[in-house]
Amino acid sequence: MSGIIENRKNERIVIDGNTTIFFKVEQDRFKVIDLSCTGVRIKTDSATQFSLTQILPLCELEFEDGFVKPVTGQVIHFIAQPGDGAHFGIQLLNLDAAATDMINSRLKKIKARMSKFV
């Protein structure tokens, strides 16, 4: 089962096992599977964790060396993984310049680290 309402405009970077990034929604932390300057894909234990088009206010994007908060997200994509929860694509809404700069600087670091192994 899946749903999608997205139109990707930004490059997304798959987060490898050497990088830890979390997306926090209320009290729950979810591992970020991939990241772009305008969104994240997270893995959850439940395909019913969120619903398509759901707005997620006051979230946090947690990097190894800092946070971007508060972040508002909107669920724009999901794919149920039978027996393995689901992946949810979340668009980051209304990011200010400082938040966008922080995300972009982290993306550059991740890409630089990844290019060393290619």
Side-chain angles (χ1 to χ4, degrees):
M1 174 182 231
S2 67
I4 185 167
I5 59 167
E6 69 178 319
N7 183 11
R8 185 171 312 281
K9 296 177 183 171
N10 300 99
E11 175 186 21
R12 66 180 165 168
I13 304 297
V14 174
I15 306 305
D16 64 15
N18 297 320
T19 304
T20 305
I21 302 172
F22 292 100
F23 189 72
K24 186 175 179 185
V25 180
E26 297 177 4
Q27 300 305 317
D28 298 320
R29 284 171 81 209
F30 304 98
K31 183 160 176 39
V32 173
I33 305 299
D34 64 46
L35 175 69
S36 76
C37 64
T38 58
V40 297
R41 181 168 51 114
I42 60 172
K43 182 181 184 304
T44 70
D45 292 331
S46 170
T48 60
Q49 184 80 41
F50 305 110
S51 58
L52 195 60
T53 72
Q54 181 178 354
I55 300 293
L56 308 171
L58 301 175
C59 299
E60 296 178 13
L61 190 54
E62 180 182 333
F63 296 95
E64 295 168 336
D65 61 347
F67 296 87
V68 175
K69 63 181 181 178
V71 174
T72 299
Q74 181 175 21
V75 178
I76 59 170
H77 177 83
F78 74 94
I79 299 174
Q81 306 288 335
D84 192 31
H87 289 187
F88 287 88
I90 300 171
Q91 181 179 9
L92 305 176
L93 305 174
N94 304 322
L95 293 174
D96 62 21
T100 300
D101 288 347
M102 183 176 186
I103 293 169
N104 281 328
S105 73
R106 296 322 184 275
L107 287 168
K108 286 178 187 176
K109 286 181 184 178
I110 294 166
K111 285 171 65 173
R113 199 167 43 215
M114 290 171 43
S115 68
K116 292 178 183 179
F117 299 108
V118 175

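Hydrogens, waters and symmetry mates play no part in the numbers below; they use all other heavy atoms, side chains included. Everything quoted here is computed from the prediction, not taken from an experiment.
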Set of residues satisfying side chain to side chain donor-acceptor pair (under 3.5 Å) with respect to Glu62, sequence neighbours excluded: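 Counting only residues at least two positions away or on another chain, Glu62 forms a side chain to side chain donor-acceptor pair (under 3.5 Å) with Arg29.
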
Listed partners of Thr19 passing side chain to side chain donor-acceptor pair (under 3.5 Å), at least two apart: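 Residues passing side chain to side chain donor-acceptor pair (under 3.5 Å) with Thr19: Asp16, Arg113.
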
Under 3.5 Å donor-acceptor, Gln74 side chain and Thr53 backbone: yes

Is there a path from [X] to [Y] through hydrophobic residues (I, L, V, M, F, W, Y) whose side chains come within less than 4.5 Å of each other?
X: Leu95; Y: Ile42; result: yes
X: Phe22; Y: Val75; result: no
X: Leu107; Y: Ile90; result: yes

Nearest atoms (heavy-atom pairs only) where Val68 meets Val71: O-CG2, 3.3 Å

Residue pairs fulfilling ring pair (Phe, Tyr, Trp, His ring centres under 6.0 Å) with at least one residue in residues 25-61, sequence neighbours excluded: Phe30-Phe50, Phe50-Phe88

By salt bridge (Lys or Arg N to Asp or Glu O under 4.0 Å) - contacts of Lys31 (at least two apart):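 So Lys31 forms no salt bridge (Lys or Arg N to Asp or Glu O under 4.0 Å) with any residue.
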
Set of salt bridge (Lys or Arg N to Asp or Glu O under 4.0 Å) partners for Lys109, sequence neighbours left out: Asp65

Glu26 CD: over 12 foreign heavy atoms closer than 6.0 Å: no

Other residues, nucleotides, ligands: >12 heavy atoms within 6.0 Å of Asp96 CG: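 Enclosed.
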
Close side-chain approach of Phe63 and Met102, heavy atoms under 4.5 Å: yes

side-chain hydrogen bond (donor to acceptor under 3.5 Å, both in side chains) contacts in which one or both residues fall within residues 39-48, not counting sequence neighbours: Asp34-Arg41, Arg41-His87, Lys43-Asp84, Ser46-Thr48

Steps toward side chain to side chain contact (heavy atoms under 4.5 Å, CB included) verdict (Ile110, Ile15): CA-CA 8 Å; Ile110 294 166; Ile15 306 305; 3.9 Å; yes

